[in-house]
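Quick caveat: nothing in here was measured; it's all calculated off a predicted structure. Just so it is clear: chains get the letters A, B, ... in the order the sequence lines come, proteins before strands, and each one is counted from 1.
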Protein chains: 2
Amino acid sequence: MTGTSGAEATKAGEFGFIARHFRPLAGPESLDLRDDCALMRCPAGEEFAISTDTMVENVHFLPDDPPETLGRKLLRCNLSDLAAMGARPHAYTLNVTVPRGGRHDESWFAAFSRGLSEDQKVYGIQLIGGDTTSISGPLVLSATVFGLLRHNTALRRNTARPGDDVWVTGTIGDAALGLLVLQGKLRDPSGFLAERYHLPRPRTGLHLHGIVSAAMDISDGLIQDCGHIAEESGVQLVIEANAVPVSSAAASLGHDWLMRRLCGGDDYELLLTCAPECSEALQAACQAANIPVHRIGTVRSGTGVRVLDAKGRDIIPEQGGWQHF
Amino acid sequence: MTGTSGAEATKAGEFGFIARHFRPLAGPESLDLRDDCALMRCPAGEEFAISTDTMVENVHFLPDDPPETLGRKLLRCNLSDLAAMGARPHAYTLNVTVPRGGRHDESWFAAFSRGLSEDQKVYGIQLIGGDTTSISGPLVLSATVFGLLRHNTALRRNTARPGDDVWVTGTIGDAALGLLVLQGKLRDPSGFLAERYHLPRPRTGLHLHGIVSAAMDISDGLIQDCGHIAEESGVQLVIEANAVPVSSAAASLGHDWLMRRLCGGDDYELLLTCAPECSEALQAACQAANIPVHRIGTVRSGTGVRVLDAKGRDIIPEQGGWQHF
């Protein structure tokens, strides 16, 4: 929370704002948000995994989304990237660009930082720095998140091999359906789908080094993200649509929503490839972390992604950007 | 440039955009911007200094500012924070939030990234990650910059001692006057002042550990930033207004602009405190880096900032936020 440009109109206001809402979140590496930089050390034999994301009002969240969940969603999207690399969460910086006009008042920011505080405890992370600015426009939030992992243990996207199986954690498509619920296009009396949209559950705490051959997090939609692994690894991913795990809330909506589930974004589950001989180790590691995991397909020689129905026939996704691979 | 939310409308467009404008800037730690995170190692005995800043169109820069200078200014403001801690520049992440409507087209971004590329060479840094998003609103740019320094060598704000002298690098107030020139409120045929507003010169490359007692960069205005050192160190800073170095372009505008120079922001020079017995070492270190340095005052017991005229009388600054300390 230092180094802001002198172009800001109300410095005194900004310092107080930081003291009230952000200093309580700051760890020792932040130097209490009182100096020009944070200082962060790396344990011997380890390295930092770094991910950064921006969320923009009306693009990534809605103006009346609960403020408690906004910062948490931003953190969790980044933490999901750390999980995909196999890094354990450590710290984050936060850039908050606040609309002029006072709509985001003291109580809004108190709730916002309360949400951050809660997730700091859940994931064992602390704020180490940031910046606050104002805008004639929508709220913009950026976070850069730091994880730690031992040298040469990062899980990569470019190491899937023909013959591997394809696996996913959790259930797929809930957040995409949750957005439709929030937009009034779909009904879900359970509230489960909207909750999955508001608050992803990044799969940190898994120990998959030496077990899986490749990993990434599913943020753009299952099929598009399968395309990323296919492209980066120079392989083809074949997905059995009926094997893709579905929540009971999503299943109750019927088969019509299958393609939306496979192509929708914001799952923040892990997409993994794993040699068949490591299947048991993968299932044991996930069970130890209490995270469901299901096999959904196979890695083959070739390019791109194929999606098969129960009879082994190709399904052409009706939406999604994966065709460009 | 990974982990973007699935809420983005044109993923294919985004991937191409990143490949064209940002991949050429990316260093090996970025994993070619193709994976979930960057991976960054720290040399033994060193730690990272981390600074983050956001710049918003119409707040921190003007819509018709040259795109080449925008990314450079963002980097340089952060690099100035590294310089203030005594860290050497290493890498950065970049979050770009682009207004919808196409005003920022291919040629705009080509120029923007050309500017970044130029400063990557000047400062020896590489892009390691980022995010691109869209906004119905102004352009928003955030950067998080990483520097390296040896353990326990960081220059701090809270270590000035009574009896030290106060020093500054370069000349003070040029950028604040440059903004007035750009707003048509002041004339500067030399172009020097506007250039100082567009393109700060962070004072990286100085080796001041063991020489100065405290340091910070001057971004909020000299007097306000003196207030920060005074507050953090629990001392009083006494500044001799006539000793504050002035550029010839600023001097030619006359004495009327003194207070604007002392209170205006965006200097990105270093504010240093130094025991008198280390004065020669400080001057030698600055000379070795070809950076001008001038003594402008004294550290005393007490609180706050006093500004004295040539006759030793207190001057009350007519603007600036420092009174709240």
Quiz item: Using a cut-off of under 4.5 Å for heavy-atom pairs, which of Ile218(B), Thr93(B), Val140(B), Ile135(B) has the most such pairs with chain A?
Solution: Ile135(B)
Practice problem: For chain A, find which of Ala83(B), Ala175(B), Gly137(B), Ser142(B) contributes the most heavy-atom pairs closer than 4.5 angstrom. | Solution: Ser142(B)
Self-check item: Most chain B-contacting option - heavy-atom pairs closer than 4.5 Å, from Leu31(A), Thr144(A), Leu82(A)
Solution: Leu31(A)
Exercise. Could you tell me if the ring centre of Phe146(A) sits under 6.0 Å from that of Phe146(B)?
Key: yes
Quiz item: Between Asp131(A) (side chain) and Thr54(B) (backbone), is there a donor-acceptor pair under 3.5 Å?
Solution: yes
Quiz prompt | Side-chain heavy atoms of Thr133(A) within contact of His60(B), under 4.5 Å | solution = yes
Exercise. Answer whether the closest heavy-atom distance between the side chains of Asp36(A) and His228(B) falls below 4.5 Å.
Key: no
Gap separating the [atom1] atom of [X] from the [atom2] atom of [Y], nearest 0.5 angstrom:
X	Y	atom1	atom2	answer
Glu47(A)	Cys42(B)	CD	SG	11.5 Å
Cys37(B)	Met216(A)	SG	CE	11.0 Å
Met40(B)	Ile50(A)	CE	CD1	3.5 Å

With a 4.5 angstrom heavy-atom cut-off, is it the side chain or the backbone of [X] that approaches chain A, or both, or neither?
X	value
Ser80(B)	neither
Ala44(B)	neither
Ala215(B)	backbone

Quiz item: What heavy-atom pair brings Asp35(A) and Arg157(B) nearest, and what distance separates the two atoms?
Solution: OD2-N, 3.0 Å
Practice problem: Might you point out which heavy atoms bring Ala154(B) and Leu39(A) nearest each other, and give the distance in Å? | Solution: CB-CD1, 3.6 Å
Quiz item: Who passes salt bridge (Lys or Arg N to Asp or Glu O under 4.0 Å) against Arg261(B), sequence neighbours left out?
Solution: none
Exercise. Indicate whether any N or O donor in one side chain lies under 3.5 Å from an N or O acceptor in the other, for Thr52(B) and Asn95(A).
Key: yes
Quiz prompt | Non-neighbouring partners of Pro28(B) that pass side-chain contact (heavy atoms from CB on, under 4.5 Å), sequence neighbours left out | solution = Gln126(B)
Quiz item: With only heavy atoms counted, which part of Leu149(A) is less than 4.5 Å from chain B, the side chain, the backbone, both or neither?
Solution: side chain
